[in-house]
Structures are given as structure tokens and as C-alpha cells.
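Because the structure is a prediction, the values reported are computed rather than measured.
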Amino acid sequence: METEPHCEEQIVPVTAPMEAEVRAAIAETADADCPDKLPRGSVEASDKVENCEEDSEGFKVKESPDAKQETEETECKEEKKLRKTNSWKMVRFQDPSTDDDVLERDSSAEILFPEYAVEEWTSTPFEQLFVADDWENITEEHLLRKKVLKCGDVQVPRPTWGQEVTIMMQGVLEDRTVVEKDCKLVFVIGEGDVNQALEECVLSMQMGEITLLLADSQYAYGLLGREPDIPAWAPILYQLQLQDIRDKPDPLALPIADRIRIGNQKRERGNFHFQREEYSLAAMAYCVALEVLTTRSTDGSNVGTKAEEQEVQEYRVKCLNNLATTQIKLEQFNEALHTSRDVLTLEPNNVKALFRAGKLLSDKGEYKEAMEVLKKALKLEPATKAIHAELSKLVKRQSDGKDTQQWKAKPAEILGDNINPFLIPSKKKPSGISWKFILGALVVALSSLVTSVILTARN
């Protein structure tokens, strides 16, 4: 996972010499008017998702030097800002105006549960807590344990998967460094908004319950940890209270502004998982974001203004592009092609979707359609070297395919009914002296030897 933003332009080597069809495709673009502003959808690094206009195919929009410098500075600042964001911050359905207060509280050193500052919370080594008899095992392997400090309301059913909950929580490392803290964390159980430890623990809690939760690293942040505060393989001790349980709100009943905010938070969570190579969780986050990013209402009608529709479409395109990249990582190539086509339905001139679709079609052997799609991408961005390279590869594949077809066996209808001579190799006479001749020679030699012995005996 990258720790520093990379905003320099990447140069992708071109296959040389270029084939005739590639030259023809470039020649077509030479006669066309060059657009003053190139279309949206260019991409930069091969394994990145859209976050500060990044994607996955190895090329980037060409701009004038001044505009390029200004854009790069803006992108770098925005990317740094995004990387400094606490990735564990989750989806909130409340008024976003309260987020500033939450962030301010998160950065304070105030203890959220001062009346429950027990010894286990303040000083006991984690090794002892993992084997303590008065702790309850949430999982069978004893890697996720809890100790109830205050019982909850037994009359209220425990939360279930798909419900939305609100908790107050703080988490510390073994040296008691506070690494997570939130007075009002809202998330949907099962959507990957928080780490697995919190989801599993909440499912075992009653309303109002306050508990200590000890999570092994595999239920927290595992091998990668979480930069810059949680090291690799670090267990975490949580103190949390379940404050509210309710059904997940219907996204189609939310205001468009809330849908955009929630959809973007889900997309950022997907980017977080993607950078950690947790591709299944990333794909799930992008799919949830796409469910929210819509202007439709519960009755199917469109409730957004034109400006809102445009904004929602832009974010849908980003999510779909990211989802397609993730599906390729998961080797779900047919799904990635379908997702890329969804992008082109919304934005026909999206170059990264064109490039990705052309590459996937080429890999499937659908060379004709792949050539059309890649030519369109090249016409939109004639200076992009990755498209040149992919076109060259496609032409070479087509050439190799034609050579292979010449060696295919002809059908029986062409050869006639008797196709045995073409299926069974002809028998050739063995070269050298026949075995019958050798046997005859041996018999004659043996007879001569016997006659010679008899004659010698008589004499």
C-alpha cells in the first residue's frame, strides 16, 4: 500500500514497430479536430482506484503546462487530505453538520467511560486478558473476548445483520495509546463499515450495555495495521456502549444530498479496502455506494434536479470504474466487462472504461469489437501510449489467430466420407534387413555346423 501520493505522469512504453491497423487508427484521429479539453476518464496508475481522479489503466489526460501544474498541485493536496482522513470513520445518516464536533471530540484525551476505568482497561497486559476466566469468548478460537461492565436492557432484542446501530467507543493499544475514539459512531452491521471485531461484538450486546472488547489483530487491522497509528499484528482493547438499534433507512427515502454524502463515504471505504488488497470488501462497499447513489424515489420517479442528477451520475461513474478495477483483481472478468459497459451507458466517451472494455474484449478473443472500442479510445486520446500498446497487442493477436486457423483440420464434408487416411498415419515398411532373412541365415549356419561335427566324428 502506498504511503506517499504519486502525482507524476507515468510513461508506458509503446510496442514497436506499430502495426498497419494501429497506424490507420492514428491516421483517422489526425484528420479530426482536436478537442480543447480532453474527455473525462483518463487514468494514471495501473492498480489505483478513483480517489482524486485516479484509476487503473496506465495513462492520464494531457493538459497545457500551466493547467497541468495547477491540476497536479490540487490533486496532490486533495490526495494528501484524503490519506490523512481516518479511514475507520464510518457512514453517518445524521446531519453532517455534527461531524466537526465529533472530530473535535475524537482528538481530545478525555476518557469516554471515566466511571469504568477498571484495571483491565488501564494496565493489565493483553496476554493475561486473553486467558482470564471472567471474560466471555465471542468466537471459538478465543481471539475475540468481552467482559460486560454494565448490563443492558434484556427486554430489547439484540441487533441483527443489516440493522443500523449507534455506539460510543474508544480503542487502545497494549501501551494504552488511544487509536480509535468516537462518541457517536453509526454503521450498518454487515456492510464492512467498521472492522470485524466491532461488528461481532455488537451482535452479542444488549441495548445500553457497556463492555470491554479485546480483539486479536485478525479481527482488527491484521498484517497491514493502519497507518500511521496502528502497527501490524496489533491487538486492540475497546470500551464501548450500544446506544441505539434501528432498521437501516431506505436510501430512496433520503434527501439527494444525504445520498451523495453516504455514497461517497461508502466509496472511500471501498478505496480503503482496495489499498489493503481486501478486494471482496472493496467490491461490497462499491456496490452499496451504487445502491445509494441514485435520484430515484420509492415509487420509481425521479426526484432530483438537473444539477443533482449530474452530480450523482459523476459519482456513479467513479464507483463503477472502481468496481470494474476491483472485479479484475478478483478475476471476475465477465462482471468487469459488464460494469465497464455500464460506465459507457452513462458516459460513452469515458476513456478508461473504453480502454478497460477493449482490453477485456481482446482477452476474450472478441477482436473485432475490441478493435472498435480501442480505436474510439485512441480517437479521444491520441497521445495516450497505453492505448497504442494495447492496439499493437490486439493486432498481433489477430495475426496469430489467423495463422492458427490455417492449421485446423478440415471437416469431413469437404474430404468425403472416407476420412481414415487423414486420421490414421500411413504404415511405412521398416528400414534395414528383414527379420525373416536373419532367421534363415541362422538356420543355414547351424546346419553347416552340425554337418561339420558329424563328418569330423566319422573321420
Check: Leu112 and Cys183 side chains under 4.5 Å, non-hydrogen atoms: yes

If only atom types and distance count, is the side chain of Ser301 paired as donor or acceptor with the main-chain N or O of Ser297 below 3.5 Å? no

For the pair Glu308 (side chain) and Thr305 (backbone), establish whether a donor and an acceptor sit closer than 3.5 Å, ignoring hydrogens and angles. yes

Could you tell me whether a side-chain N or O of Gln239 sits under 3.5 Å from a main-chain N or O of Tyr116, the two making a donor and an acceptor? yes

What are the two closest heavy atoms between Asp229 and Leu173, and how far apart are they? O-CD1, 3.7 Å

Closest non-hydrogen atom pair between Arg158 and Leu203, with its separation: CD-O, 3.5 Å

Keeping the roles fixed (side chain from Arg226, backbone from Ala232), state whether a donor-acceptor pair exists under 3.5 Å. no

Value rounded to 0.5 Å, distance of CD in Glu311 from OH in Tyr315: 5.0 Å

NZ/NE/NH1/NH2 to OD/OE distance under 4.0 Å, Asp363 and Arg397: yes

CA sep, side-chain torsions, deciding dist, call: Arg296, Asn302, side-chain contact (heavy atoms from CB on, under 4.5 Å): CA-CA 5 Å; Arg296 290 185 299 104; Asn302 198 323; 5.9 Å; no

Evaluate the salt bridge (charged side-chain N to carboxylate O under 4.0 Å, His left out) criterion for residues Glu309 and Lys306: first the C-alpha distance (whole Å), next the side-chain angles of each, then the deciding distance (0.1 Å), finally the verdict. CA-CA 5 Å; Glu309 288 179 15; Lys306 267 199 168 182; over 6 Å; no

Do the side chains of Met169 and Gln243 get nearer than 4.5 Å, heavy atoms only? no

Could you tell me which non-hydrogen atom of Glu120 sits nearest to which non-hydrogen atom of Leu129, and how far apart they are? CG-CD2, 3.6 Å

With distance as the sole test, does Asn137 use its side chain to make a donor-acceptor pair with the main-chain N or O of Thr139 at under 3.5 Å? no

Can you tell me which residue among Val188, Val186, Leu185, Ile189 is in a side chain to side chain contact (heavy atoms under 4.5 Å, CB included) with Val165? Ile189

Is there a side-chain contact between Ile236 and Val172, using heavy atoms and a 4.5 Å cut-off? no

Please assess His388 against Leu378 for the test side-chain contact (heavy atoms from CB on, under 4.5 Å), listing each intermediate value before the final yes or no. CA-CA 7 Å; His388 291 248; Leu378 185 66; 3.3 Å; yes

Which is it for Val317 and Leu320 under the side-chain contact (heavy atoms from CB on, under 4.5 Å) test, yes or no, and what are the steps along the way? CA-CA 5 Å; Val317 167; Leu320 286 168; 5.6 Å; no

Could you pull out the closest heavy-atom pair between Thr124 and Gln128, with the gap in Å? CG2-OE1, 3.7 Å

Check: Arg269 side chain, Gly192 main-chain N or O, donor-acceptor pair, under 3.5 Å: yes

Rounded distance [0.5 Å steps], CG in Leu149 versus CD in Gln241: 10.5 Å

Kindly determine whether Asn271 and Tyr286 satisfy side-chain hydrogen bond (donor to acceptor under 3.5 Å, both in side chains), including the steps that lead there. CA-CA 9 Å; Asn271 294 350; Tyr286 294 137; 2.5 Å; yes

Are Met371 and Leu391 packed together at the side-chain level, in the sense that at least one heavy-atom pair is separated by less than 4.5 angstrom? yes

Donor-acceptor pair, side chain of Thr294 and main chain of Leu290, under 3.5 angstrom: no

Side-chain donor-acceptor pair present, Thr325, Arg356, cut-off under 3.5 Å: yes

Answer whether the closest heavy-atom distance between the side chains of Glu335 and His338 falls below 4.5 Å. no

Hey, is the main chain of Leu293 close enough, under 3.5 Å, to the side chain of Arg316 for a donor-acceptor pair? yes

side-chain contact (heavy atoms from CB on, under 4.5 Å) between Ile256 and Thr295: does it pass, once the steps are laid out? CA-CA 7 Å; Ile256 301 298; Thr295 55; 4.2 Å; yes

So does Glu278 pair up with Lys329, basic N to acidic O under 4.0 Å? no

If we ignore hydrogens and angles and just use 3.5 Å, is the side chain of Thr122 paired with the main-chain N or O of Val118 as donor and acceptor? yes

Please tell me if the side chains of Leu240 and Met205 come closer than 4.5 Å, counting only heavy atoms from C-beta onward. yes

Taking the side chain as everything from C-beta on, heavy atoms only, tell me whether Asn321 gets closer than 4.5 Å to Asn350. yes

Distance-only polar pair, side chains of Tyr238 and Asn195, donor-acceptor under 3.5 Å: yes

For the atom pair CD (Glu347) and CG (Asn349), what is the distance rounded to the nearest 0.5 Å? 8.0 Å

If you measure from CZ on Phe333 to OG on Ser340, what distance do you get to the nearest 0.5 Å? 12.0 Å

Counting distance only, does the side-chain N/O of Arg145 pair as donor-acceptor with the main-chain N or O of Phe130 below 3.5 Å? yes

Asp247 and Gln163: side-chain donor and acceptor closer than 3.5 Å? yes

So, for Pro159 and Val202, which heavy atoms are closest and what is the spacing to 0.1 Å? CG-O, 3.2 Å

Heavy atoms of Pro157 and Ile245 approach each other most closely as O-CD1, 3.7 Å

Closer than 4.0 angstrom, basic N to acidic O: yes or no for Glu136 and Lys147? no

Between the side chains of Glu209 and Lys146, is the shortest nitrogen-to-carboxylate-oxygen separation below 4.0 Å, so that they form an ion pair? yes

With a cut-off of 6.0 Å (strictly less than), are more than 12 heavy atoms of other residues, nucleotides or ligands near CD of Glu119? no

Quick one: CD on Glu199 to CH2 on Trp161, what's the gap to the nearest 0.5 Å? 5.0 Å

Using a strict cut-off of less than 4.0 Å between a Lys/Arg side-chain nitrogen and an Asp/Glu carboxylate oxygen, indicate whether Glu369 and Arg341 qualify as a salt bridge. yes

Before accepting this row, confirm whether a basic side-chain N of the pair Glu372/Lys375 lies closer than 4.0 Å to the acidic partner's carboxylate O. no

Spacing of Leu144 atom CG and Gln196 atom CD [to the nearest 0.5 Å]: 8.0 Å

Do Arg246 and Asp244 sit within salt-bridge range, that is, some charged N less than 4.0 Å from a carboxylate O? yes

Pair Gln327, Tyr279: side-chain N/O donor-acceptor within cut-off below 3.5 Å: no

Between Glu291 and Lys266 (salt bridge meaning N to carboxylate O under 4.0 Å), is one present in this structure? no

Evaluate whether atom CD of Glu140 has more than 12 neighbouring non-hydrogen atoms of other residues, nucleotides or ligands under 6.0 angstrom away. no

Does Leu337 reach the side chain of Lys364, with side-chain heavy atoms less than 4.5 Å apart? yes

Decide if atom CG of Asp133 counts as having more than 12 heavy atoms of other residues, nucleotides or ligands within a radius under 6.0 Å. no

